[in-house]
Peer 1: 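This is the structure, below, for whatever I ask next.
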Amino acid sequence: MAEDIIVKGTDVTVSFMNKVGNRKEKKTVLDGLDFDVRRGEILGLAGESGSGKSTLAKAVLGMVPLERGKIESEVTNPQMIFQDPYSSLNPAKTISWIMQEPLKLGKKKYSSEERLSKVEEMLCEVGLDAGYMQRKPGELSGGQRQRICIGTALMQAPGLLIADEPVSALDVTIQAQVLDLMREIHRKKKLTILFISHDLRTMYNFCDRVMILQKGKIVESGKPYDLYRDPKEPYTRLLLESAGII
Amino acid sequence: MLLTLFGVSFLVFAAFEIIPGDPAISKLGTDATPEMIAALREQMGLNRPFIVRYFDWLGDCIRGDFGRSYSYNRTVISMIGDKLPITVTMTIISMLLVIAVSIPVALLLAKYMGSTIDRAGYISNQILMAVPSFFLGILITYIFGLTLRFFTPGGYISYRQNFAGFIGYLLAPSVAIAIPKCAMSVKLLRSAILEEWNKDYVRTAYSRGNSTMQVMYRHVLKNALIPLITFWGMAVADMIAGSIVVEQVFNIPGLGRILLTSISNRDYPVVEAIILLIAVVVIVMNLIVDILYRCIDPRISK
Amino acid sequence: MLLEIKNLTIEFHDHDRPERVVEDVSFSLDKGEILGIVGESGSGKSMTALAVAGLLPRKKMEKSGEILFEEKNLLTLPRHDLRGLQGDEISVIFQEPMTALNPTMKIGKQVEEALLLHRHMTDEERKAKVMEWLEKVELDDSERVYEAYPHELSGGMRQRVMIAAAMVSDPQILIADEPTTALDVTVQSQIIKLLLKINKDSGVSILFISHDLSLIKQITHNVIVMQKGRIVEQGDTDEIFLHPKEEYTKKLISSIPSVDLRK
Amino acid sequence: MKKGRLILTVLLMTMAAALSGCTGGKTADTPDTRITIGIPQDLDDGLDPHKVSAAGTKEILFNIYEGLVKYDETGALIPAVASDYKVSEDGLTYTFTLRDGVKFHDGSNVTAEDVIYSIERCSKAEGGQDPLVPPFTNISEVNKVDDKTIEIKLVAADPDFLAYMTVAIIQASNDDPETKVIGTGPYKFVSHTPMESVELEAFNDYWGEKAHIGKVTLKIVSDPAAIVMDLKGGSLDMFCRLTDSQVSELKGSNFNIEVGTMNLAQALYLNNSVEPFNDVRVRQAICYAIDPQEIMDFVSGGEGTEIGSAAFPSFSKYYDPALNDNYNRDVEKAKELLKEAGYENGFSFSITVPSAYTPHVKTAEVISEELKEVGITADLKLVEWDSWLSDTYTNHNYEATVIGIDLNPVTARNLLQRYTSDGHGNFMEFSSEKYDEVFAKAVASTDDAEQTALYKECLQILSDEAASAYIQDLPSFVALNNKISGYKFYPIYAQDFASLYYIDEAND
Amino acid sequence: MAFIKSIKKIFNKYHGFNFNAGLVITGLIFIIALVGCFYTPYEPTAMNVSIRNTAPSLAHIFGCDDSGRDVFSRVMEGIRNTFFISTMTVLIGSGFGIILGAAAGYYGGKFDEILMRINDALFAFPSVLLALVIVSLLGPGFLNVTVALGIAFIPSFARIVRSGFKSQVNMDYVQSARLMGAGDLRIIFVHILPNILPVLMSSVMIGFNNAVLAEAGLSYLGIGVQPPRASLGLMLKDGQALLATAPWNALFPGMVIVLMVLGFALLSEGISEAS
């Protein structure tokens, strides 16, 4: 792979059998996809529900078997943050336990003091403070929880962070703050981010590149400015119009 | 489904390999000489290796021949066939009682949510669930049989002689079996109704101008019945097991009594046939529950 | 004036100390007007809408002020009369199309329920009215939809069914509580267009609740901005979007990601 | 001396006949009277009189089948199908004269062929199996003298042989006695619904005194608690072998309680081949530690009769009450014996008891309490009847057990052969040369008095060597509806329904 | 460590009516069982013919049974035995139930299919016969009944744990734990288990009262606790025959069974209500 591309997918196809009544039906979710993720970029992946964007994320993480094609990735420990803040943090554990977990599991061994100081440090980085250590996910707001998720994901200094609709469940003002945080982290740590969303407006200011996905196929991709100014594919134009951008 | 049946049949057959006691000895009684025992074992084919006997027996069962009872030397089918209607009728009556009692009571409790009636109903529910069925049987016989003379204890009338008397007598034991299951059904239905009540479509129904009763009967009850049906499916299996104990107390010669007597007589063919029968009934009940599921809840694909 | 609300206040009493959810809210709704209520979660916008629809829980709740509709105060109206209005004069559509419909009841029977409760019609008349509205909400193959169950339809189709079920009895007021939040962008814009068409054709006034400012901008004539149960600002939508007076409104408007394609 | 014996038996017979005749005062009952009798177990080991083994089944068949002679309630053998019989001088030939007018239930007359067929069926050993009645191997030949007389020749004289002549007489033409239940007794077999009930009906052409009650229903009641409730509830008129707690429940109800004995020897049977019971001193220590009277107080409210050895009271010829005082409760003596045997600080063992018999279970509980005072801990192991039958009784793997041993036929030889070293059914594993020697002499002697003395000496040895810790002959409580009377206790397992009758107000 | 912390958390979080009532009843019974180990007013097996079947009196508050033994002392011993058997039964049942249920729920697929089939087979098998097999395998008596009941309870626990795991396994926090490199075992026992603890706790309580009922049933049939030791089921059975003349023989054990079962039922309600 070219040295600046860290993940390359060629002819990626994923399908699964779903039982309708007693007949087994093959449903293709990703259909011969070619894509690449470059080091240090924020790549946007736009598409409506059923377009296969989450499945693509899982494919990149190697959690879904490919029917055809292959994905080469030099990233050793990719991490992911999710849309629903309520199910993305273990409700039975305290924040400090949750954030120490990646340190316990990582290859580098840390003593408990080192772990606590790293957690405190990360909490500040994501705009919270040590006071949150002993609290439980149930006691926090959606925005605070998403910040904890980001902090936890960064604990193992991942080569790639996949964000699956991280802000769409939050209030508009909170969304802006969380996106700012992610942009700052991207800048400071040169972190490559795969940003999955259905909201083209948010992606315009956030992503370096945007790929439009429809029914498992990449319709179009490019810089947001070029893409939004003269969309070549009718589907892209439809999305932009529905979002009131053009 | 067949796998389960196969599993049960193997478990039963293996069980009697382990339980001590030998059918030949139990048939010949105390003054049996060792030679007589050996000869009878030969005649019964007990000396053949376990596996051979198992597959022979399984083969016969599939062909519908469940062999002859060791102690009664009548065909197993005639014996069970004669007793099956008794236990089945009792289970059906108990089932009807459970359904007839639990739905109105649960609706009542759901209607007066949180009031004193709800609390009192709740406590009595818990108590009724806590009473062992044989204890219940005794209390019922004592109160309704001896003191109030509603029925003559032990006065079982066979369905051949007089059907009304037969049903009349079975009412009391059916009540003893049904009560714990009624309490459980009420509890389950009540919590299911509570759960459905918080769902969005109830609010939509209210927004259309339905009164509370209309919302309950047109929308919630049907959906709340779904978890209950699963419970009733499983409850039938418990009821049959429960009837074994209750048949003792009410002196009813049903399947339960045959099972217990045959176990103590080491009457292998009869026991194995009865247990297979119970397993079949349990599996059939689960099947019926699935089918009921499908027609009530369209979400499950046909 | 079709509907007038004067210093509406709602207090919850189920926790130890009473929690004031809506405080001193007053506004009015004219015939054929589309009035938006916008605010973040916890601003009380849904509570206000539910109060108008008469769907607030009766217990552990203190309500004061007036909601006047045809000279009747909906807050103090006896339940029987309130039920006469619900589904007939005032209808509601909700946010989650997946759960707002009864999963085990056919679509046709759910849409006709308002008619069943409020109109004396023969079965044929009722079916005709339902089929008429299923076509009006642009559902293709309305015959199949009539017989179908909710889980067999997509999110967008289900929301159209909700609209049909609400409009079938020609209500005067339609309350839409975040109707498109759970839908895809493309489907969202179709539903908005449908609501605008219905408003134009039947003159029904719509109370549109949302947290999405760009949506409010597209559909509403006037808007009310709420924060923590109080009205921060209200008035003509375009006027407020061009130069908002209150700090909070400014902050809200600025947080919409702007797409400036001119540079 | 032999002639004297002969006259004695004849005298007895005439007296019995006379006696039965004059209980009088009973009118011939109308056929529609009925009685429902509860029985604890179903007749689940078949209905063939020659093959049946369960005591519960034999009790009932007593009413349907009769032998050439039959027992009466005193235990004496009275003529039945045979009107009378003569025994030859050397005791080797028995001649029976058939009673005329004896009919089978299907109306056919009893012929000599039927009698010969019945006896040969029991003595022939089909295919290497033992004969149905083992002592019949002593019969050399059975021949028909004429239509009315049968002659049986024995290989060796046997004073008890007459007892074996109670074997049921069935029709020669009856190829399947299991299903064709036709006998000569006072009651006819009507039907048997397994696990439910057995129906009998009075046989109007019975040769002897006709049964008073027309229909008898035997209803199976397997749950002890239900018995009392069913009696009080009115669905049962009679139940045998109740426990004393059930009897106390029936006080004040419309039931009379008849008290008799169970005719069995209940004891703590010790497995003499097992440590430490192989030491006679340990066995004697246990006898000293146990107090039969206290057991009787607990188990049956003081009822029941103490026994000192294997014979039970109604076997009056051999029962010797003096043996009861052989081991009166003496804790010090028991400890002394234990010390001698090297078990100062006691030992522990388990008593296996069939769970279905409440009296035996309660006896074991009392024993384990009593043994505690001597430092011996006995814990109970309840097993099902079938496990007891095969594990304990047949395979002898147990330490101690509490059970009652009854007798059928009621002969001393049958009672005592069990204790001989190689005796059939010697589950106690008792063996003492002295005992074997005396028993052999007793069997061989032909003089009755000498034989009785020798058998008594055997019983003495059993007590002295403490083969088992003998306790009691359990009381037999029978609940009978107070409108019915005439219940008779028999020394053998027999329930005589024919003697029951309704006390009609009319004929009192 | 986390496990104990969450148990502590659960207990101090609940305060509903059910939970308190359940706690009071179970606590009372537990204390009686505990005291029963050291002191009982009379030797439970001491017989005294003079006081056979005497009515409850100051000396014998629950009266005396058919062999003149103090019913109250026997009930205390009975509670201890029944309590012990039920606890062991639930421990065995839930222990294996968790392992099997977790594996079936977490991995799903073929393994789940086979496990559930075995489960159904065990369900369809009358527990009476199962208990008989095990008791005859190991001999009657105290421990063997516990093992028998324990095994008979595994299917129901496995089913509950399985449904608990099925609902948790697709949650996002499980996926992120996997991404961080957590092994399956760690995910099952450290991550998922604490979240289904409330459901498990309430089913443990229901399991408890079914165990008490089952033990009573088995003793009724003569399998299980051997006389002269006492168990509530056995006392109930013997007491039945004396319902008219000495009803306290049956009523007090029966009442204690009902109380015990009621206590656990309320406790389980309290837990499931609050979770």
Side-chain angles (χ1 to χ4, degrees), chain A residues 20-21 44 46-51 53 83-85 141-143 165 167-180 183 197-207 210 212-215 223-231 234-246, chain C residues 38-43 45-46 95-98 151-152 154-159 178 180-194 196 210-219 225-228 232 241 247-263:
Chain A
V20 175
E48 295 189 302
S49 55
S51 59
K53 43 189 196 300
Q83 169 181 6
D84 169 12
S141 73
E165 306 252 16
V167 286
S168 42
L170 304 178
D171 278 328
V172 163
T173 47
I174 314 278
Q175 271 185 20
Q177 291 162 17
V178 170
L179 289 176
D180 293 346
R183 203 173 287 115
S197 171
H198 64 278
D199 180 353
L200 289 172
R201 276 181 179 283
T202 322
M203 294 173 122
Y204 181 73
N205 308 321
F206 189 69
C207 303
V210 169
I212 308 288
L213 206 64
Q214 186 195 19
K215 298 259 174 315
K223 290 202 175 314
Y225 179 75
D226 310 337
L227 204 62
Y228 288 21
R229 268 175 63 81
D230 45 28
Y235 180 67
T236 321
R237 179 169 293 106
L238 172 67
L239 283 181
L240 293 167
E241 271 158 19
S242 322
I245 297 171
I246 49 179
Chain C
V38 73
E40 294 192 306
S41 48
S43 58
K45 54 186 187 304
S46 291
Q95 173 182 349
E96 272 304 325
M98 305 302 272
H151 67 279
E152 295 166 46
S154 72
M157 286 167 79
R158 254 190 276 221
Q159 203 60 318
E178 309 236 17
T180 59
T181 309
L183 302 178
D184 276 326
V185 164
T186 46
V187 177
Q188 193 173 37
S189 64
Q190 289 160 13
I191 297 292
I192 298 300
K193 286 195 188 70
L194 176 62
L196 288 171
S210 176
H211 69 281
D212 183 340
L213 284 145
S214 49
L215 212 58
I216 293 282
K217 194 154 175 285
Q218 264 179 347
I219 180 170
V225 179
M226 286 184 72
Q227 188 193 19
K228 292 201 174 47
V232 170
F241 269 82
E247 256 325 293
Y248 179 69
T249 325
K250 287 198 187 96
K251 187 165 146 264
L252 275 185
I253 293 171
S254 65
S255 60
I256 308 170
S258 63
V259 176
D260 179 357
L261 289 174
R262 282 192 309 285
K263 49 178 174 16

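Chain letters run A, B, ... following the sequence lines, proteins first and then strands; every chain starts at 1.
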Peer 1: Please rank A:Asp199, A:Asn205, A:Leu200 by heavy-atom pairs under 4.5 Å with chain C and give me the top one.
Peer 2: A:Asn205
Peer 1: Where on C:Glu40 is there a heavy atom nearer than 4.5 Å to chain A: the side chain, the backbone, both, or neither?
Peer 2: both
Peer 1: So, taking the atom named OG1 in A:Thr173 and the one named NZ in C:Lys251, what distance separates them when rounded to the nearest 0.5 Å?
Peer 2: 5.0 Å
Peer 1: Identify the two heavy atoms, one from C:Val185 and one from A:Leu239, that lie closest to each other, and give their separation to 0.1 Å.
Peer 2: CG1-O, 4.1 Å
Peer 1: For the NZ atom on A:Lys223, are there more than 12 heavy atoms of other groups (residues, nucleotides or ligands in this structure) within a distance under 6.0 Å?
Peer 2: no
Peer 1: I need the C:Asp184 CG to A:Ser51 OG distance, nearest 0.5 Å.
Peer 2: 8.0 Å
Peer 1: Below 4.5 Å from any heavy atom of chain A, which atoms of C:Ser189 appear? Answer side chain, backbone, both or neither.
Peer 2: side chain
Peer 1: Of all heavy-atom pairs between C:Gln218 and A:Gly244, which one has the smallest distance, and what is that distance?
Peer 2: NE2-CA, 4.4 Å
